[in-house]
Asks: 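Below: one structure in structure tokens.
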Amino acid sequence: MENIILIGFMGCGKSSVGKRLAGSLGMDFIDIDVLIEEKQKRTISDIFAQDGERAFRDMETQCLHDLLGEKRNAYVLSVGGGLPIREENRQLLSKLGKVVFLRVTPDVVYKRLQNDTTRPLLQGKNPRGRIADLMNARREYYEAAASYIIDVSDKSFTDIIGEIVNVCGKETI
């Protein structure tokens, strides 16, 4: 069974959908951010504050290399919203499995994250504007990395999982 990699902007549901999708397919679930936090023994926010975004992005790339080198059961992988920006990462993602871009609107992201203080890139003035700017800047990278694009803005978990299962040719258990 081939791995499924979920990409998209923060707040699009990669982790929430990924956990449910993995459960319905009988696959393992891996979250790159959790792997990094476990390895670094600190939060993503702390990594950004102490080492900066570039160091964090290097850690993401290293995790992808590590996953490629490991023998694991098939899994659903959730990656950070900025990970597909790097060309190297997009190439690594395509080697890891089928890449599904969970597309969402800026308004939905803002509604979901407006009270979340754990997102380093959304701290400061005008988070709604920052969301729209970042989404516009990243859209081409998400699309370039994606095997499939699914609009998730107004859909239930059940509908999203059904679409992913359909496009990836999987069967639920």
Asks: Search all heavy atoms of V104 against all heavy atoms of C12 and return the closest pair with its distance.
Replies: CG1-CB, 3.7 Å
Asks: Please report the C-alpha distance between M27 and N73 in whole Å, then the side-chain angles of each, then the deciding distance to 0.1 Å, and finally whether the side-chain contact (heavy atoms from CB on, under 4.5 Å) criterion is met.
Replies: CA-CA 7 Å; M27 298 169 76; N73 293 331; over 6 Å; no
Asks: Do V99 and Y148 come close enough that some side-chain heavy atom pair is under 4.5 Å?
Replies: no
Asks: State, with a plain yes or no, whether a side-chain heavy atom of H65 is found less than 4.5 Å away from one of E88.
Replies: yes
Asks: Can you tell me how far apart CG (L67) and CG (L35) are? Round to the nearest 0.5 Å.
Replies: 6.0 Å
Asks: Looking only at non-hydrogen atoms, find the nearest pair between A22 and F29 and report the distance.
Replies: CB-CB, 3.8 Å
Asks: If you measure from the Lys or Arg side-chain nitrogens to the Asp or Glu carboxylate oxygens, is any gap between R128 and D133 under 4.0 Å?
Replies: no
Asks: Would I30 and V76 count as a side-chain contact (heavy atoms from CB on, under 4.5 Å) if you check the C-alpha gap in whole Å, the side-chain angles of each, and the deciding distance to 0.1 Å?
Replies: CA-CA 6 Å; I30 301 171; V76 175; over 6 Å; no
Asks: Please answer whether the main-chain N or O of Y75 pairs with a side-chain N or O of D28 as donor and acceptor at a distance below 3.5 Å.
Replies: no
Asks: Within a reach of under 6.0 Å around CG of D154, are more than 12 heavy atoms found that belong to other residues, nucleotides or ligands?
Replies: no
Asks: Between L64 and L83, is a side-chain contact (heavy atoms from CB on, under 4.5 Å) present by the stated rule, with each step listed?
Replies: CA-CA 10 Å; L64 294 178; L83 184 141; 3.7 Å; yes
Asks: About how many Å separate NZ of K19 and CZ of F157, when rounded to the nearest 0.5 Å?
Replies: 10.0 Å
Asks: Only pairs at least two apart or in different chains count here, so list each salt bridge (Lys or Arg N to Asp or Glu O under 4.0 Å) that has a residue in residues 158-168.
Replies: K155-E163
Asks: Distance-only, no hydrogens or angles: does the K14 side chain make a donor-acceptor pair with backbone N or O of I7 under 3.5 Å?
Replies: no
Asks: Any sub-3.5 Å donor-acceptor pair from Y110's side-chain atoms to G129's backbone N or O?
Replies: no
Asks: Report the residues that fulfil salt bridge (charged side-chain N to carboxylate O under 4.0 Å, His left out) with E87, sequence neighbours left out, ordered by chain and then residue number.
Replies: R90
Asks: When you compare the side chain of N3 with that of L77, does any pair of heavy atoms fall below 4.5 Å?
Replies: no
Asks: Between F56 and D33, is a side-chain contact (heavy atoms from CB on, under 4.5 Å) present by the stated rule, with each step listed?
Replies: CA-CA 10 Å; F56 174 72; D33 286 351; 3.5 Å; yes
Asks: Using the salt bridge (charged side-chain N to carboxylate O under 4.0 Å, His left out) criterion, which residues pair with D151? Sequence neighbours excluded.
Replies: none
Asks: Please say whether more than 12 non-hydrogen atoms of neighbouring residues, nucleotides or ligands are located less than 6.0 Å from OH in Y141.
Replies: no
Asks: Applying side chain to side chain contact (heavy atoms under 4.5 Å, CB included), can you list everything that pairs with D51, at least two apart in sequence or on another chain?
Replies: R42, I47, A55, M59
Asks: Of all the heavy-atom pairs spanning T105 and S153, show the shortest one and how long it is.
Replies: N-OG, 3.0 Å
Asks: How long is the span from the CE atom in M10 to the OG atom in S15, to the nearest 0.5 Å?
Replies: 12.5 Å
Asks: Taking salt bridge (charged side-chain N to carboxylate O under 4.0 Å, His left out) as the definition, give me every residue that meets it alongside D46, ordered by chain and number, with sequence neighbours left out.
Replies: none
Asks: Can you tell me how far the CG atom of L25 sits from the CD1 atom of I4, to the nearest 0.5 Å?
Replies: 5.5 Å
Asks: Looking at side-chain heavy atoms only, is the closest gap between I164 and I150 below 4.5 Å?
Replies: yes
Asks: Going by the rule salt bridge (charged side-chain N to carboxylate O under 4.0 Å, His left out), which residues pair with R72 if we only count those two or more places apart in sequence or in a different chain?
Replies: E70
Asks: Looking only at atom types and distance, does a side-chain atom of N136 sit under 3.5 Å from a main-chain N or O of A132, one as donor and one as acceptor?
Replies: yes
Asks: Are N89 and I85 close enough that some pair of their side-chain heavy atoms sits under 4.5 Å apart?
Replies: no
Asks: How long is the gap from CZ on R139 to CZ on F9, to the nearest 0.5 Å?
Replies: 11.0 Å
Asks: Given side chains that start at C-beta, do those of V79 and L6 come closer than 4.5 Å, heavy atoms only?
Replies: no
Asks: Compare all side-chain heavy atoms of V100 with those of I5 and state whether any distance is below 4.5 angstrom.
Replies: no
Asks: Report yes if some heavy atom in the side chain of I160 is under 4.5 Å from a heavy atom in the side chain of L21; otherwise report no.
Replies: no
Asks: Rounded to the nearest 0.5 Å, what separation is found between the CD atom of E38 and the CG atom of D31?
Replies: 9.5 Å
Asks: Under 3.5 Å, is there a donor-acceptor pair between the D58 and Q62 side chains?
Replies: no
